[in-house]
Amino acid sequence: MHQINVADDQTHLILPNNDPFHGLTHEINMLQSHIRHQTHQTQRQENELETLIKYLPIGVMVIDRFGDLQVANDGVQELFQRQFAPLPHPYQDDITQPELITLVNDAFHRQKK
């Protein structure tokens, strides 16, 4: 179990049918397959979202709850007329306009998008 968890090993556990833990290993194998499928599906969706945001004709920034800029497409960098530092990093590194910082901070405090 430790090897499956740590090494992301795709090897299934195999026990003889008459082993008292056969049913448990079968369920563990099924769970492992399900988790692997969900992980691949989530990764694919993240890639699709990143591609969509990258090619939007408008500027998009995604700032997480900790104030770090997680996503910034070319449109927003063009709008700010600057190349952003590698992500993630604090949004204040790129937003220098006091009015915009106030709007972002207000959105965080009101928990509004």
Side-chain angles (χ1 to χ4, degrees):
M1 288 302 299
H2 179 72
Q3 183 179 356
I4 289 172
N5 187 35
V6 173
D8 194 28
D9 193 346
Q10 296 184 13
T11 304
H12 284 283
L13 303 171
I14 300 172
L15 290 177
N17 287 344
N18 62 349
D19 190 290
F21 294 109
H22 176 75
L24 178 61
T25 58
H26 175 72
E27 292 300 319
I28 290 170
N29 291 337
M30 295 293 290
L31 182 61
Q32 179 189 22
S33 294
H34 177 73
I35 290 170
R36 189 175 331 110
H37 173 74
Q38 291 296 104
T39 301
H40 290 298
Q41 187 174 1
T42 300
Q43 185 62 50
R44 190 183 78 249
Q45 289 174 342
E46 285 180 13
N47 291 341
E48 289 171 358
L49 181 61
E50 285 179 16
T51 300
L52 174 68
I53 290 173
K54 180 177 180 173
Y55 292 104
L56 281 173
I58 60 170
V60 176
M61 296 176 83
V62 177
I63 302 169
D64 69 14
R65 63 187 172 138
F66 303 108
D68 287 333
L69 184 60
Q70 294 291 331
V71 176
N73 70 356
D74 292 341
V76 79
Q77 294 181 67
E78 186 177 310
L79 182 68
F80 282 83
Q81 297 179 344
R82 62 184 294 162
Q83 188 70 29
F84 290 2
L87 302 173
H89 61 267
Y91 75 91
Q92 296 94 337
D93 291 356
D94 297 307
I95 299 177
T96 56
Q97 298 84 350
E99 300 86 8
L100 188 51
I101 290 176
T102 300
L103 287 172
V104 171
N105 288 334
D106 187 49
F108 273 117
H109 293 304
R110 292 186 299 124
Q111 297 182 357
K112 300 275 183 170
K113 294 181 182 179

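All residue numbers in this chain count up from 1 along the given sequence.
Other cluster members for Leu31: Ile35, joined by side-chain heavy-atom distances under 4.5 Å among Ile, Leu, Val, Met, Phe, Trp and Tyr.
Grouping the Ile, Leu, Val, Met, Phe, Trp and Tyr side chains by contacts below 4.5 angstrom, directly or via other members, places Val62 with Ile58. A continuous path of hydrophobic side-chain contacts links Tyr91 to Phe80 [ILVMFWY only; heavy atoms under 4.5 Å]. Hydrophobic cluster membership differs between Leu79 and Leu56, with clusters built from Ile, Leu, Val, Met, Phe, Trp and Tyr side chains linked at under 4.5 angstrom. With hydrophobic clusters built from ILVMFWY side chains whose heavy atoms lie under 4.5 angstrom apart, Met30 does not share a cluster with Ile28.
Between atom OG1 of residue Thr51 and atom CD of residue Glu46 there is a gap of 11.5 Å, rounded to the nearest 0.5 Å. Here NZ of Lys54 is found 12.5 Å from CG of Leu52. Values are rounded to the nearest 0.5 Å. One distance of note links NE2 of His22 with CG of Asn17; it measures 4.5 Å at 0.5 Å rounding. Here the CG-CD1 distance, from Asp74 to Ile53, works out to 12.0 Å after rounding to the nearest 0.5 Å. If you take CZ on Phe66 and CZ on Phe108, they are separated by 10.5 Å, rounding to the nearest 0.5 Å.
Under the rule for a side-chain contact (heavy atoms from CB on, under 4.5 Å), the partners of His89 that lie at least two apart in sequence or sit in another chain are Leu69, Phe84, Ala85, Leu87, Asp93, Asp94. Every residue was checked against the salt bridge (Lys or Arg N to Asp or Glu O under 4.0 Å) condition with Glu99, not counting sequence neighbours, and none meets it.
Looking only at side-chain heavy atoms (C-beta outward), Asn73 and Val76 come within less than 4.5 Å of each other. The shortest side-chain heavy-atom distance between Ile95 and Met61 falls under the 4.5 Å cut-off.
Partner of Asn47 under the side chain to side chain donor-acceptor pair (under 3.5 Å) criterion, out of Gln45, Glu50, Gln43: Gln43 alone.
Between Asp68 and Pro88 the shortest heavy-atom distance is CB-CB, 4.4 Å.
Using modelled atom types, no side-chain atom of Asp106 and backbone atom of Thr102 make a donor-acceptor pair closer than 3.5 Å.
Enclosure of atom CD in Gln70 by more than 12 non-hydrogen atoms of other residues, nucleotides or ligands within 6.0 angstrom is indicated.
Ionic pairing of Glu48 and Arg44 is present here: one or more N-O contacts between side-chain nitrogen and carboxylate oxygen are shorter than 4.0 angstrom.
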